[in-house]
Amino acid sequence: MKRSVLVFALSVLCSAAALADPALDALVAAYPDHLAGYDAKDLIWKDGTRMPISDGRADKTFEQLLDEPDIKDQFAYPYPLGPEVKPPGVNEDPGRIRQEKFFVKMYGDCHKGEVTKRMKPVAWVPNRGGGRLNVTSVNGVNERLAAVVKDLDTLPAAMTKYLVPSAGTYNCRTIANTKRLSVHAFAAAIDVNDKQADYWEFLKGAGGKFTWRNRVPGAIGEIFERHGFIWGAKWFHVDSMHFEYRPELIALAKQGWSAK
């Protein structure tokens with residue numbers, strides 16, 4: 001009897017080890033108020049909702065990854081942590097791939113007024129005259145941004161021009177030239193001063209080509225990353241004014257990006 005129990009316990013442990021997925025573990029741990037876990041097929045929400053982890057398509061083009069992603073596609077590109085910023089490889093946009101249904105369920109549908117009722121004000125670098133911004137309170141994003149502000153205040157005065165004025169937080173809109181909702185539509189993103197930053201669409205020259213560029217100091221990006229925000233300067237399709245709350249990507253990067 002004891003032997004059979006031991007064999008069963010070992011089989012359970014082996015099954016769990018085979019199922020374990022560092023990316024999904026990071027995802028569940030990042031959003032404990034919402035996610036309960038996952039099994040071989042589905043991401044499981046605390047309210048019982050199940051979302052397929054994969055759609056079974058392993059041959060998506062880059063555009064298909066952006067427009068038709070599954071949950072696992074969100075981890076397609078490793079996020080590089082730290083203040084060093086260098087040109088990424090072509091189409092390496094870690095975090096820019098987002099499964100829209102996942103974010104709408106978590107933060108609400110802005111078109112139905114579900115996002116604004118969950119927003120709270122945050123003083124944006126008040127010692128530098130930044131004013132107040134509204135961000136979501138879901139996942140404590142408002143508290144995380146307040147912690148960012150506290151650390152930004154330790155930076156030299158020369159950094160102020162990159163931070164003030166902010167180009168905004170909440171905006172119920174799609175990403176330019178797409179049908180995909182911006183993370184600003186969930187009030188979980190902030191743009192710093194766009195006059196001192198770079199956006200790939202605005203860098204396009206003749207023929208639609210562009211050369212990656214970033215002017216925002218890495219010290220600013222590192223502070224945001226410290227509190228769970230990823231930075232658009234780390235994207236090939238650069239958006240260096242943009243920071244969005246994606247703690248799962250930060251956590252996985254700290255582990256060495258051991259995503260399956």
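Numbers for residues simply follow the sequence, beginning at 1. Treat the numbers as computed from the prediction; the structure is a model and nothing was measured.
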Novice: Does S137 use its side chain to pair, donor to acceptor, with the backbone of G140 at less than 3.5 Å?
Specialist: no
Novice: Report the relative orientation of the aromatic rings in F202 and Y199; use parallel for angles under 30°, tilted for 30 to 60°, perpendicular for over 60°.
Specialist: perpendicular
Novice: Please answer whether the main-chain N or O of V122 pairs with a side-chain N or O of R132 as donor and acceptor at a distance below 3.5 Å.
Specialist: no
Novice: Side chain to side chain donor-acceptor pair (under 3.5 Å) with Y79: which of E225, K254, R246, E92?
Specialist: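 The passing option is E225.
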Novice: Hey, any chance L133 and Y170 share a hydrophobic cluster, counting ILVMFWY side chains that come within less than 4.5 Å of each other, even indirectly?
Specialist: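 No: no chain of side-chain contacts under 4.5 Å links L133 to Y170.
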Novice: If the threshold is 4.0 Å, N to carboxylate O, is there a salt bridge linking K117 and E114?
Specialist: no
Novice: Any side-chain heavy atom of W45 within less than 4.5 Å of one from M51?
Specialist: yes
Novice: Does the side chain of Y107 pick up a donor-acceptor pair with the side chain of N139 at under 3.5 Å?
Specialist: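 Yes, N139 and Y107 have a side-chain donor paired with an acceptor closer than 3.5 Å.
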Novice: Parallel under 30°, tilted from 30 to 60°, perpendicular over 60°: which one fits the rings of W200 and H237?
Specialist: perpendicular
Novice: I'd like to know if D55 and K60 make a salt bridge, using a cut-off of under 4.0 Å between side-chain N and carboxylate O.
Specialist: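 The answer is yes: the pair qualifies as a salt bridge.
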Novice: Looking at D33 and K46, what are the two nearest heavy atoms and their distance?
Specialist: O-CD, 3.9 Å
Novice: Are D47 and H34 linked by a side-chain donor-acceptor pair shorter than 3.5 Å?
Specialist: no
Novice: Please determine whether residues I230 and V138 belong to a single hydrophobic cluster, defined as Ile, Leu, Val, Met, Phe, Trp and Tyr linked transitively by side-chain heavy-atom distances below 4.5 Å.
Specialist: yes
Novice: Would a 4.5 Å heavy-atom cut-off, applied to side chains only, mark Y77 and I97 as touching?
Specialist: yes
Novice: Would you call K72 and D21 a salt bridge, taking side-chain N to carboxylate O under 4.0 Å as the test?
Specialist: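 Salt bridge: yes.
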Novice: Is the distance between the ring centroids of F236 and F210 less than 6.0 Å?
Specialist: yes
Novice: Looking at G218 and V85, what are the two nearest heavy atoms and their distance?
Specialist: CA-CG2, 4.2 Å
Novice: Between R180 and R96, is there a side-chain heavy-atom distance shorter than 4.5 Å?
Specialist: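 Side-chain contact under 4.5 Å: yes.
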Novice: Count I, L, V, M, F, W, Y as connected when their side-chain heavy atoms are under 4.5 Å apart, and connections chain through other members. Are V216 and I223 then in the same cluster?
Specialist: yes
Novice: Okay, side chain of E100, backbone of L181: is any donor-acceptor separation there less than 3.5 Å?
Specialist: yes
Novice: On a heavy-atom basis, which atom in H227 and which in Y245 lie closest, and how many Å separate them?
Specialist: O-CE1, 3.5 Å
Novice: Considering only heavy atoms from C-beta outward, does the side chain of I71 approach that of L27 to under 4.5 Å?
Specialist: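 Heavy-atom side-chain distance check passes, below 4.5 Å.
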Novice: Is it true that a side-chain atom of N134 and a backbone atom of M119 form a donor plus acceptor pair closer than 3.5 Å?
Specialist: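 Pair absent, no side-chain N/O of N134 close to backbone of M119.
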Novice: Is R98 paired with E244 through a side-chain N to carboxylate O contact shorter than 4.0 Å?
Specialist: yes
Novice: What is the minimum heavy-atom distance between V149 and A123, and which atoms define it?
Specialist: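 Heavy atoms of V149 and A123 come nearest at CG2-O, 3.5 Å.
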Novice: Return yes if a side-chain donor-acceptor contact under 3.5 Å exists between Y31 and E248, otherwise no.
Specialist: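 Their side chains do contain a donor-acceptor pair, which is all the 3.5 Å distance test asks for.
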Novice: Work out which heavy atom in G221 is nearest to a heavy atom in F243; give both atom names and the distance.
Specialist: CA-CE2, 3.8 Å
Novice: I'd like to check W235 versus N214 (side-chain heavy atoms, cut-off strictly below 4.5 Å). Are they in contact?
Specialist: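 Counting from C-beta outward, W235 and N214 never come under 4.5 Å.
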Novice: Minimum heavy-atom separation for R128 to T160, with atom names?
Specialist: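 Scanning both residues completely, I find the closest heavy atoms to be NH1-OG1, 2.7 Å.
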Novice: Please indicate whether K204 has more than 12 foreign heavy atoms, meaning atoms of other residues, nucleotides or ligands, lying under 6.0 Å from its NZ.
Specialist: yes
Novice: Within the distance-only criterion (no hydrogens, no angle test), does the side chain of S166 pair as donor or acceptor with the backbone N or O of D191 below 3.5 angstrom?
Specialist: yes
Novice: Identify whether the distance between the nearest side-chain nitrogen and carboxylate oxygen of R57 and D73 falls below 4.0 Å.
Specialist: no
Novice: Under a 4.5 Å cut-off applied to non-hydrogen side-chain atoms, are L43 and V28 in contact?
Specialist: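 Counting from C-beta outward, L43 and V28 do come under 4.5 Å.
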Novice: Apply side-chain hydrogen bond (donor to acceptor under 3.5 Å, both in side chains) to D70 and Q99, showing your working.
Specialist: CA-CA 6 Å; D70 58 33; Q99 214 277 351; over 6 Å; no
Novice: Within the 4.5 Å heavy-atom criterion, are V164 and N193 side-chain neighbours or not?
Specialist: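 Of all side-chain heavy-atom pairs linking N193 with V164, none is under 4.5 Å.
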Novice: Kindly say whether A187 contributes a backbone atom to a donor-acceptor pair with the side chain of T169 at under 3.5 angstrom?
Specialist: no
